[in-house]
Amino acid sequence: MQLLDSQPWSRCRPTEGESLRALPSGAAERGGREAGGDASRFRIQRPRASLWAVVIIPALAALLLPGGSVSGEERFPPPDFTYHKMPETPAPAPDSPLWDLIDTAALFAALMVATYLALSRRSRNGLLILAGLSLLWFGFQREGCVCPIGAIQDVAEAACNVHRAVPITVILFFTAPIIFALFFGRAFCAAVCPLGAIQELMAIRPQHIPLWLEHALGILPWVYLGLAVLYAATGTAYVICEYDPFVAFFRRSGATSMLIFGACLLVIGIFIGRPYCRFLCPYGAILGLVSKLARWHVRIPPTHCIRCRLCEDACPYGAIVAPPAPLSPGERRKARRRLVLFLAAVPVWIVVGAIVGRMGHATLARMDYQVRLAGWIANEREIDPNNKYALDAVRAFENTGESAQKVFAAAAQRLDTFRFGSTLLGAWIGLVIGLKLVQLCTRTPRDDYHPDPRRCVACGRCFWYCPEERVRRGWITSVESVMPQGTAVAWTTPQTPSSKTA
Amino acid sequence: MANSDTHVSRRDVLRDGLQMAALLGVGGLGGYLLGKQGRRDLLLWQIDPYKCIACGNCATHCVLQDSAVKCVNSFPMCGYCDLCTGYFPPEPAALNTAAENQLCPTGAIVRRAVEEPYYEYTIDEDLCIACGKCVVGCAAFGNASLYLQVRHDRCLNCHECSIAVACPSQAFVRVPASQPYLFKHRIRPA
């Protein structure tokens with residue numbers, strides 16, 4: 001009780017006007033609460049509040065906050081102990097970088113095994129087992145981090161921001177699957193990516209979706225990619241990680257909204273295979289584009305296509321493309337005219353996109369902390385009391401003792417950055433739409449059934465449909481035994497290479 | 001026939017050229033980033049204790065079920081008070097370790113009598129949930145020696161820390177791995 005005598009009890013009790021939720025650090029009185037000028041840019045409603053803010057807030061602050069600083073003060077000087085030894089504050093070290101090394105080694109090993117299983121062994125069962133192992137290791141054991149999808153953002157931020165760099169592990173995680181895809185197609189999506197694996201294992205009753213819908217939704221990953229790069233490059237947010245639907249499962253904890261979103265995707269994924277990979281994943285979009293150049297891409301038949309059409313409906317991801325039917329001269333002329341028109345429209349799409357993007361920059365900038373804070377400070381008196389985040393932010397800002405003008409200036413600068421960034425984003429989206437339309441009216445003349453590298457995730461479902469594959473495996477002795485009666489296709493003789501019809 | 005052969009080879013040449021260009025592009029980007037990283041230290045997330053307002057978001061926004069943020073006591077700053085306002089709620093019934101007298105919702109602060117009349121407060125990190133109640137209490141009426149820190153044995157070091165996103169005072173900063181903690185010192189830096 002000696003302590004109580006020297007430091008009166010009343011000193012430790014909240015007195016009137018002294019809130020228990022007092023600010024832990026430096027509650028210096030805020031001088032300049034000028035709310036004119038720049039503030040009007042960030043105020044959302046009721047501009048008259050500024051008058052009130054000027055008069056009332058400093059008065060309230062003077063009443064509520066005890067004079068001088070709170071935390072710097074040593075109210076109870078630490079004692080000089082005679083025999084007691086003051087302990088050290090524990091400072092546990094981070095995990096050893098060995099884990100990063102193991103992760104990188106595991107990634108390369110898994111990529112090589114997946115490529116071997118997809119291209120050489122042509123084994124769907126092997127790919128499924130590898131997908132399960134990847135899900136367990138990269139997903140549930142390493143909890144979905146580092147992942148190449150999120151690494152897009154690190155790379156974008158480090159490439160655009162002079163002050164940022166990325167660890168070697170992240171660089172390897174970003175580049176290795178792309179380089180593999182450049183030669184062998186999307187082996188990463190097939191059995192290495194834990195997000196792909198969890199959806200592949202859930203795709204129990206996959207149904208086909210109409211081709212137009214497939215194409216339309218196929219634009220989304222590119223839009224998402226642009227958005228993620230914009231937010232990462234401006235240092236605003238990592239949206240891919242924030243809205244990752246499955247990482248909450250891997251960690252067995254996470255935001256409720258994301259758990260619900262992930263569960264919905266999994267349920268949808270039973271019927272529409274791999275919804276995230278096909279219609280959202282920005283990294284899958286990059287890999288798909290790069291796979292177009294792959295020399296050793298997955299093939300449906302082990303040798304040559306006999307055009308038996310048995311694999312036609314095999315792919316739940318809509319990746320199997322039939323050989324295009326020859327066009328009549330009239331149709332060809334029409335198609336060519338359409339192509340020229342759509343090619344000419346690409347710059348128009350870009351310009352329209354850029355204009356729309358520029359118009360929407362303020363909306364996109366709302367994600368930015370400085371812009372939001374400026375809005376809250378300008379609207380201080382109208383903040384919804386349920387918005388704990390805004391209230392805390394304003395309280396924290398008042399705690400720093402900085403002038404509001406500084407925040408408004410910083411937010412104005414951020415808005416300028418976003419005006420430029422969202423113009424680029426808009427142009428990018430315009431380009432994507434324009435090129436998609438161009439792609440829709442081009443035809444690659446081929447005479448075999450093949451998987452479109454952009455959509456094929458090398459899952460291996462189609463292998464078993466191919467009679468040539470069945471012969472290779474020794475399940476049947478000849479191709480004829482599985483062909484429907486009376487199928488008159490010239491498949492007994494090997495095809496001449498590329499007998500072009502169109 | 002000859003015509004179709006040249007067609008195929010032109011396509012192949014174009015593809016090979018694009019492939020090499022893409023390889024060079026990806027390799028160049030990787031090389032540039034590697035060069036930029038150089039021998040730079042890995043960056044880790046940490047809380048600047050002078051910015052933190054102990055709002056409690058650390059307890060709820062970490063991707064880990066059990067937040068990687070924990071309270072620490074800066075022993076050289078601590079007043080070793082009998083009536084610790086980080087340990088006891090306002091107007092406690094008695095100054096003892098009975099559960100009803102503790103401010104900490106999980107009883108993570110261990111109170112131990114050291115030299116008369118002083119008490120030492122240590123944090124049981126397995127129990128601490130980083131709610132910040134003790135931090136606010138200590139700062140309001142004590143020396144502010146209790147504050148929150150990211151514990152690197154627990155932190156996953158996400159690309160983007162989800163507590164940092166939800167931090168209203170932007171107290172989350174990236175620190176080099178060689179100096180992974182921002183401990184408070186007895187005299188506050190200017």
Side-chain angles (χ1 to χ4, degrees), chain A residues 2-4 11-14 20-26 70-72 74-79 81-84 86-87 89 91-94 143 145 150 153-155 158-159 165-168 171 175 178-179 182 237-238 241-242 251-254 290 293 369 389 392-393 395-396 399 498 500, chain B residues 4 8 15 18-19 22-23 26 29-30 33-34 36-37 40 42 44 50 52-55 63-65 72-83 85 90-91 114-115 117-118 122 135-136 139-144 151-153 156 158-160 165-166 168-170 177 180-181 183 188:
Chain A
Q2 199 185 335
L3 184 79
L4 282 184
R11 180 104 176 70
C12 299
R13 220 178 317 185
L20 236 199
R21 292 282 293 179
L23 309 167
S25 61
V70 172
S71 74
E74 227 168 48
R75 296 189 181 104
F76 309 95
F81 292 118
T82 49
Y83 57 87
H84 176 65
M86 236 181 237
T89 308
E143 305 195 324
C145 211
Q153 303 162 116
D154 293 72
V155 168
V166 270
I168 293 157
I171 299 171
T175 48
I178 294 185
I179 291 172
L182 204 52
Y238 276 25
C241 299
E242 226 171 293
R251 292 176 173 151
R252 275 87 72 200
S253 80
V290 161
L293 304 170
Y369 179 76
Y389 188 87
D392 280 344
R395 199 161 64 91
N399 200 22
S498 178
K500 210 152 65 75
Chain B
S4 80
V8 167
R15 191 190 62 189
L18 280 174
Q19 196 178 31
L23 196 62
V26 175
L29 181 64
L33 294 175
L34 274 177
K36 207 173 173 186
Q37 171 70 17
R40 225 185 274 198
L42 183 72
L44 304 173
Y50 296 110
C52 172
I53 60 162
C55 62
V63 296
L64 297 171
Q65 185 76 59
V72 296
N73 191 2
S74 178
F75 294 105
M77 284 175 74
C78 180
Y80 296 85
C81 312
D82 183 11
L83 174 55
T85 50
E91 302 185 38
V114 284
E115 283 180 32
Y118 300 117
T122 43
V135 178
V136 173
F141 306 109
N143 287 357
R151 306 312 268 167
H152 292 298
D153 52 338
L156 297 178
C158 301
H159 299 288
E160 184 180 57
V165 173
S169 59
Q170 297 279 286
Y181 290 93
F183 286 136
R188 187 185 166 176

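Residue numbers start from 1 in every chain, and the chains themselves are labelled A, B, ... in the order their sequence lines are given, proteins ahead of strands.
Using a 4.5 Å cut-off between heavy atoms, B/L64 contacts chain A through both its backbone and its side chain. Contacts between B/L18 and chain A at a heavy-atom distance below 4.5 Å involve backbone atoms as well as side-chain atoms. With a 4.5 angstrom heavy-atom cutoff, A/V166 touches chain B via backbone and side-chain atoms both. B/F75 touches chain A through backbone and side chain together, each having a heavy atom under 4.5 Å away. Of the atoms belonging to A/A93, it is backbone heavy atoms, and not side-chain ones, that fall under 4.5 Å from chain B. With a 4.5 angstrom heavy-atom cutoff, B/L23 touches chain A via backbone and side-chain atoms both.
Nearest approach of B/Q19 to A/L293, heavy atoms of both residues: NE2-O, 3.3 Å. The two residues B/S169 and A/A396 make their nearest non-hydrogen contact at CB-CB, 3.1 Å. The two residues A/R395 and B/I53 come nearest to each other via the heavy atoms NH2-CD1, 3.6 Å. Across A/P92 and B/H152, no two heavy atoms sit closer than the pair O-CB, 3.9 Å. The two residues B/A166 and A/Y389 come nearest to each other via the heavy atoms O-CE1, 2.9 Å. When all heavy atoms of B/Y80 and A/P79 are compared, the closest pair comes out as CD1-CD, 3.4 Å.
A/R75 places no side-chain N or O within donor-acceptor distance of the main-chain N or O of B/N143, the cut-off being under 3.5 Å. A distance-only check finds no donor-acceptor pair linking the side chain of A/Y369 to the backbone of B/V165 [under 3.5 Å]. Without hydrogens or angle criteria, B/E115 side chain to A/H84 main chain gives a donor-acceptor distance under 3.5 Å.
Here the side chains of B/L44 and A/P94 are in contact, with some heavy-atom distance below 4.5 Å. Looking at A/E242 and B/E160, their side chains come closer than 4.5 Å, going by heavy atoms from C-beta outward.
The most heavy-atom pairs under 4.5 Å with chain B, out of A/C241, A/A91, A/G150, come from A/A91. Among the candidates B/N73, B/V26, B/V114, the residue making the largest number of heavy-atom pairs closer than 4.5 Å to chain A is B/V114.
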Exercise for the section: Would you please test A/E143 and B/V63 for side chain to side chain contact (heavy atoms under 4.5 Å, CB included) and show each step? Expected result: CA-CA 10 Å; A/E143 305 195 324; B/V63 296; over 6 Å; no
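Distance check: A/I171 CD1 to B/L33 CG gives 5.0 Å after rounding to the nearest 0.5 Å. Note that CG of B/L34 and OG1 of A/T175 are 8.0 Å apart. Values are rounded to the nearest 0.5 Å. Between the CZ atom in A/F76 and the CG atom in B/L83 there is a gap of 7.5 Å [rounded to 0.5 Å].
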